[in-house]
Amino acid sequence: MTYTVESVCAILDKLFPPSLAEPWDRVGLIAGAPEDPVHKVAFAVDPCETTVNEALERGADMLITHHPLYLRGTSTVAATTPKGSWVTRAIRAQLALFSAHTNADVLASTKALADIVGMDVERPLDEESGIGGVGTLREPMPLKALVEIFADGLPKVPAGLLASGNPDQLITRLAISSGSGDSFLASANASGADAYFTADLRHHPATDHIWGGGCALICATHFASEWPLLKVMEERLLGELPELDTYISTLSTDAWNIAVRG
């Protein structure tokens, strides 16, 4: 069976409704003609030179990413700019680009992370947006062990994984938010969580939280915290369009590629 860009987009919009995206977000079809055929789909966190090149080399017809290509407005897609050159290359090769961002966070990112550590999500961390989650671990464990399980389940990146708290503290209740989550520190505390997993924690919000008696913190990089979502997206798309050929990119598009530790 031959699928088209339009039919794949329709299923993705059904699985991850654009109406669930944050008002500032930019989700959906980025580039591509609705009538173009789709046989092979690639999944990646970021639309960038490495993932576009990989998709072209592997014969993909569509690249589905978590992050949008243009989150803020732009006045040019000229090939003289970095992003413009990727878009030009994709369009010339009939590689469609599609993004499911905060709409996928609401429905899948938290579950993907919760599954790594065996947590049943009971409710969103932020009730208004539906982002993040709070729940109880099926097997309570010391903070150090929880960090190690996350480290084993996430992509290996130079920046690694950071944590703050008593390594021996028993963690029963966990709060999760993929991506940049320091705006939810107060929500994590209010949820009664023993620990909060997120990414991109800044020094002052993190120290104010810890010094103020807040729950333990586990901090990943933005890329690493959102990569597990791709497997959920792939599984759900194949559940609707089983004849698609798919792959998940394992290329790191983390901002940090060097780590020096004393």
Side-chain angles (χ1 to χ4, degrees), residues 42-54 63 65-69 71 82-83 86 99 101-102 104-105 108-117 119 125 131-133 141-167 169 171 174-185 187-188 193-211 214-233 248-262:
F43 291 86
V45 173
D46 294 294
C48 59
E49 184 174 21
T50 55
T51 56
V52 167
N53 284 347
E54 180 188 41
L63 173 59
T65 63
H66 184 45
H67 292 148
L69 180 70
L71 191 54
K83 289 188 176 183
W86 312 331
S99 166
H101 192 209
T102 51
D105 284 331
S109 286
T110 302
K111 178 183 179 348
L113 290 166
D115 285 349
I116 291 175
V117 294
M119 182 183 102
L125 177 58
I131 288 176
M141 65 189 77
L143 174 62
K144 184 179 179 182
L146 181 63
V147 174
E148 289 172 347
I149 290 175
F150 268 123
D152 287 341
L154 295 173
K156 304 300 182 287
V157 295
L161 194 62
L162 299 173
S164 179
N166 178 351
Q169 178 192 356
I171 307 299
L174 179 66
I176 289 175
S177 176
S178 66
S180 302
D182 59 15
S183 63
F184 298 136
L185 284 166
S187 298
D194 303 305
Y196 175 38
F197 172 94
T198 189
D200 294 347
L201 286 175
R202 295 171 295 160
H203 175 79
H204 291 295
T207 52
D208 287 349
H209 170 90
I210 291 296
W211 295 341
C215 63
L217 299 177
I218 305 171
C219 181
T221 67
H222 198 111
F223 162 80
S225 76
E226 295 190 322
W227 186 85
L229 162 70
L230 304 180
K231 185 63 178 175
V232 178
M233 293 177 71
I248 295 173
S249 177
T250 57
L251 297 175
S252 173
T253 52
D254 214 340
W256 316 111
N257 67 328
I258 298 173
V260 179
R261 294 177 174 84

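Hydrogens, waters and symmetry mates are skipped; everything else that's a heavy atom, side chains included, is used. Quantities reported herein were computed from a predicted structural model and do not represent experimental measurements. All residue numbers refer to positions in the sequence shown, counting from 1.
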Enquirer: Quick check for you: to the nearest 0.5 Å, what is the distance between D208 atom CG and H203 atom NE2?
Expert: 8.5 Å
Enquirer: Look only at the side chain of S225 and the backbone of G179, and say whether a donor-acceptor pair between them is shorter than 3.5 Å.
Expert: yes
Enquirer: Can you check whether L230 reaches V45 side chain to side chain, under 4.5 Å on heavy atoms?
Expert: yes
Enquirer: What are the two closest heavy atoms between H222 and S180, and how far apart are they?
Expert: ND1-OG, 3.3 Å
Enquirer: Is the closest side-chain heavy-atom distance between I149 and M141 below 4.5 Å?
Expert: yes
Enquirer: Within a strict 4.5 Å, meaning less than it, do heavy atoms of the P228 and I116 side chains meet?
Expert: yes
Enquirer: Rounded to the nearest 0.5 Å, what separates atom CD1 in I131 from atom OG in S187?
Expert: 11.5 Å
Enquirer: Checking the side chain of S249 only, and the main-chain atoms of F43 only, is there a donor and an acceptor separated by less than 3.5 Å?
Expert: no
Enquirer: So do the side chains of L185 and Y196 get within less than 4.5 Å of each other, counting heavy atoms only?
Expert: yes
Enquirer: Check whether K156 reaches the backbone of A151 with its side chain - one donor and one acceptor, N or O, closer than 3.5 Å.
Expert: yes
Enquirer: Tell me the closest heavy-atom pair linking D194 and Q169, and the distance in Å.
Expert: O-NE2, 3.7 Å
Enquirer: Search all heavy atoms of L154 against all heavy atoms of A220 and return the closest pair with its distance.
Expert: CD1-CB, 4.2 Å
Enquirer: Taking the side chain as every heavy atom from C-beta outward, state whether L161 and E148 have any atom pair closer than 4.5 Å.
Expert: no
Enquirer: Would you say the side chain of L146 lies within less than 4.5 Å of the side chain of L174, judging by non-hydrogen atoms?
Expert: yes
Enquirer: Give, for atom OG of S109 and atom NE2 of H101, the distance between the pair rounded to the nearest 0.5 Å.
Expert: 8.0 Å
Enquirer: What distance separates E49 CD from E54 CD, expressed to the nearest 0.5 Å?
Expert: 13.0 Å
Enquirer: Would you indicate whether K83, at its atom NZ, is surrounded by more than 12 heavy atoms from other residues, nucleotides or ligands within a distance under 6.0 Å?
Expert: yes
Enquirer: In Å and rounded to the nearest 0.5 Å, what is the CD to CG distance from E226 to D105?
Expert: 5.5 Å
Enquirer: Closest heavy-atom contact between S164 and L143?
Expert: O-CD2, 4.2 Å
Enquirer: Can you tell if the side chain of F197 reaches within under 4.5 Å of the side chain of V117, non-hydrogen atoms only?
Expert: no
Enquirer: How long is the span from the NE2 atom in H67 to the OG1 atom in T253, to the nearest 0.5 Å?
Expert: 8.0 Å
Enquirer: What are the two closest heavy atoms between A175 and L125, and how far apart are they?
Expert: CB-CD1, 4.1 Å
Enquirer: If you look at every heavy atom in R261 and G160, which pair is closest and at what distance?
Expert: NH2-N, 3.9 Å
Enquirer: Whether the side chain of T51 engages the backbone of D46 through a donor-acceptor N/O pair (distance < 3.5 Å, no angle test) should be reported.
Expert: yes
Enquirer: Are the side chains of S252 and N257 in touch, meaning some heavy atoms are under 4.5 Å apart?
Expert: no
